[in-house]
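For reference, the structure discussed in these notes is given below.
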Amino acid sequence: MSRSPSGDALIVDWDGPDDPQNPQNWSRKKKWAATLIVSAFTFISPVSSSMMAPASPQIAREFGITNSSVIALLTSVFVAAYAFGPLFLGPLSELFGRSRVLQLANMWYLAWNLGCAFAQNEGQLIAFRFLAGLGGSAPLSIGGGVLGDLWRPEERGEAIALYSLAPLLGPVIGPTCGAWVGQRSTWRWVFWATTIVDGFIQVLGLFYLRETFPPVLLERKAQAIRKSMDPEKAQNCEIRTVYDSADRHWKNLVKKALIRPFALFVNEPIVQLLGLFMAFIYGTLYLFLTTIPSIFEGVYREPVGIAGLNYLALGVGLTGASQINARLLDRIYKHYQDKNDGVGKPEYRLPSMVPGSIILPIGLFITGWTARADVHWIAPDIGIALVGAGTILNFQSITTYVIDAFTLHAASALAAVTFFRSLAGFGFPLFAPAMYNALGYGKGDTILACVAIVVGVPAPFLFWTYGERIRQASKYARK
């Protein structure tokens with residue numbers, strides 16, 4: 001604690017750099033418990049987003065849906081909600097705390113996901129899916145904020161590697177399980193199963209996910225000081241935290257917080273550029289997910305359950321590259337930090353984008369041109385695994401960059417980036433059937449690969465060269 005320069009206010013701050021109440025000074029065990037819970041929340045929601053895809057024909061038959069776009073919409077409307085939920089849930093977590101908003105949003109998701117299991121027509125199912133997606137979107141922005149609160153820049157690589165793997169691994173595990181559920185049982189079990197798993201994660205969250213946002217924790221400390229003071233003294237002495245401005249009226253705080261993602265979205269070129277690049281990566285992934293059943297059921301004539309197992313190739317690529325990158329992210333960061341006299345920069349997270357931007361188009365080329373009945377099924381699976389590897393390397397670099405650059409406002413910054421990528425995840429699969437029917441897998445994936453080369457290969461070098469200059473002009477980025 002300290003006095004303000006004018007002496008009329010008591011400024012509440014951490015009690016030195018080793019204050020045990022500061023989440024960055026928590027034990028590794030406590031930090032990893034919170035990280036695992038957040039990653040579990042971030043995993044189960046995307047499982048729901050895609051698990052019903054293989055069961056869509058069964059739903060279409062039951063509800064009499066014949067329009068292919070409406071059938072695709074049943075799956076992708078969940079991802080559309082991902083675009084809008086973080087825009088208000090991210091800022092709310094910067095007002096009322098990460099844990100509280102994250103867990104309330106998850107309960108909202110749980111309730112509407114359960115409601116999907118009891119839907120009686122396509123309108124109810126689409127509405128319930130959208131509402132569930134709003135709650136399920138919370139970890140995509142708030143989770144990154146939690147990790148920014150918990151881990152110092154030179155430590156957070158492994159934690160963010162796990163967290164950023166979750167939203168990509170979810171859409172891989174989901175269809176694999178959904179294919180067997182659709183083949184062996186009713187489509188309603190897709191929602192009952194994910195609700196049961198999410199309920200278990202929620203119970204763990206109530207016990208192990210504590211508040212991590214410094215302004216909220218210091219405000220609690222300030223409240224305790226106010227209560228402990230003599231009422232007369234407390235009336236004459238203003239007590240505020242180091243994060244508070246003189247104008248602390250709740251209306252101004254709410255207005256600022258809710259506008260922040262839109263301000264980042266409109267005024268921050270670095271958020272726009274990273275968001276557009278991630279949108280392409282994420283849209284390509286979701287488009288790719290929709291083609292796997294048609295390749296292995298249509299070209300290779302595999303049963304639904306067996307065809308669903310090919311999603312695991314994508315999982316192998318995602319997980320393998322993620323585990324390698326998790327061990328390298330912090331080492332690379334420390335290497336460049338030491339070369340820069342101990343000063344770290346968000347740009348030191350970019351090197352793993354280089355192999356990622358090369359591997360992704362290679363995987364697209366291999367998958368597109370080997371998806372033929374006269375070529376063994378393992379060939380497109382190798383391409384699919386490479387697409388997964390390229391995707392996660394880019395994804396992890398961008399996520400860690402955003403968290404490092406906007407640590408205090410990481411939830412709002414990730415909300416702005418998530419808006420771009422979720423719209424792409426929603427929109428890309430809607431035109432996939434028409435594109436592949438017209439061009440075939442070879443030419444269709446070649447177009448995606450060429451765009452990936454043009455957009456992806458120069459991206460890490462451009463961000464490395466100009467990223468710091470762009471950040472210097474930012475109102476919110478850490479300088």
Side-chain angles (χ1 to χ4, degrees), residues 50 53-54 68 72 75-76 168-169 171-172 175-176 179 277-322 324 353-395 424-425 427-460:
S50 57
S68 60
T75 301
S76 61
L168 299 181
L169 199 56
V172 172
T176 307
F277 183 62
M278 193 181 272
F280 172 73
I281 301 293
Y282 200 69
T284 301
L285 176 72
Y286 265 79
L287 187 152
F288 214 68
L289 289 169
T290 65
T291 64
I292 290 175
S294 59
I295 289 174
F296 293 99
E297 290 174 39
V299 176
Y300 291 100
R301 303 295 177 190
E302 295 176 355
V304 174
I306 299 299
L309 293 176
N310 291 282
Y311 283 99
L312 296 177
L314 194 61
V316 167
L318 288 167
T319 308
S322 173
I324 294 168
M353 276 180 77
V354 176
S357 60
I358 295 168
I359 292 169
L360 177 60
I362 291 173
L364 288 167
F365 279 126
I366 291 173
T367 305
W369 291 107
T370 59
R372 303 197 316 265
D374 60 327
V375 178
H376 195 275
W377 56 263
I378 197 68
D381 271 348
I382 290 169
I384 289 167
L386 291 174
V387 168
T391 299
I392 193 65
L393 290 173
N394 283 295
F395 206 87
F428 275 40
L430 296 180
F431 69 75
M435 182 178 83
Y436 285 109
N437 287 337
L439 300 173
Y441 297 112
K443 290 179 182 175
D445 281 349
T446 296
I447 289 172
L448 290 177
C450 290
V451 176
I453 291 168
V454 172
V455 174
V457 172

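Both backbone and side-chain heavy atoms feed into the values below; hydrogens, waters and symmetry mates do not. In this chain, numbering begins with 1 at the start of the sequence shown.
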Exercise for review: Indicate yes or no: at least one non-hydrogen side-chain atom of I382 is less than 4.5 angstrom from one of T367.
Suggested key: no

Check your understanding: Looking at CE of M435 and CD1 of I447, how far apart are the two atoms once the value is rounded to the nearest 0.5 Å?
Key -> 6.0 Å

Point to revise | Atom pair CG (D445) and CG (L439), whose distance is rounded to the nearest 0.5 Å | key: 10.0 Å

Point to revise | Residue pair I384, D381: steps toward the side chain to side chain contact (heavy atoms under 4.5 Å, CB included) verdict | key: CA-CA 5 Å; I384 289 167; D381 271 348; 3.9 Å; yes

Point to revise | Where P171 and Y311 come nearest, the two heavy atoms and their spacing | key: O-CD2, 4.4 Å

Exercise for review: Return the orientation label for the Y436 and Y441 ring planes: parallel under 30°, perpendicular over 60°, tilted otherwise.
Suggested key: tilted

**Study point:** Sub-4.5 Å side-chain heavy-atom contact between V387 and I366
**Key:** no

Practice item. Identify the two heavy atoms, one from T391 and one from L360, that lie closest to each other, and give their separation to 0.1 Å. Key: OG1-CD1, 3.9 Å

Exercise for review: Indicate the atoms forming the closest heavy-atom contact of F280 with L448, along with that distance.
Suggested key: CZ-O, 3.7 Å

Check your understanding: Checking T319 side chain against V316 main chain: does a donor-acceptor pair fall under 3.5 Å?
Key -> no

Practice item. Indicate yes or no: at least one non-hydrogen side-chain atom of F395 is less than 4.5 angstrom from one of L168. Key: yes

Exercise for review: Would you give the length of the straight line joining atom NE2 of H376 to atom OG1 of T370, rounded to the nearest 0.5 angstrom?
Suggested key: 12.0 Å

Review point. What is the minimum heavy-atom distance between I359 and G390, and which atoms define it?
Key: CG2-N, 3.9 Å

Check your understanding: Roughly how far apart are N437 CG and S294 OG, rounded to 0.5 Å?
Key -> 8.5 Å

Check your understanding: Under 3.5 Å, side chain of Y300 to main-chain N/O of R372, donor-acceptor pair present?
Key -> yes

Check your understanding: When you measure from the side chain of S357 to the backbone N and O of V354, does any donor-acceptor pair fall under 3.5 Å?
Key -> yes

**Study point:** Heavy-atom closest pair, residues K443 and W369
**Key:** N-CZ2, 3.8 Å

Check your understanding: Backbone N or O of A307 within a donor-acceptor pair of the N310 side chain at under 3.5 Å?
Key -> yes

Review point. Step by step, would you call F365 with T446 a side chain to side chain contact (heavy atoms under 4.5 Å, CB included)?
Key: CA-CA 6 Å; F365 279 126; T446 296; 3.7 Å; yes

Check your understanding: Rounded to the nearest 0.5 Å, how far apart are CD1 of I292 and CD of E297?
Key -> 11.0 Å

Check your understanding: Do F296 and P380 come close enough that some side-chain heavy atom pair is under 4.5 Å?
Key -> yes

Exercise for review: Decide yes or no on side chain to side chain contact (heavy atoms under 4.5 Å, CB included) for I453 and I358, but give the supporting numbers first.
Suggested key: CA-CA 7 Å; I453 291 168; I358 295 168; over 6 Å; no

Review point. Of L386, L169, V172, which is the lone residue that meets side-chain contact (heavy atoms from CB on, under 4.5 Å) with L314?
Key: V172

Practice item. Please name the pair of heavy atoms, one in F277 and one in G456, separated by the smallest distance, quoted to 0.1 Å. Key: CE1-CA, 3.4 Å

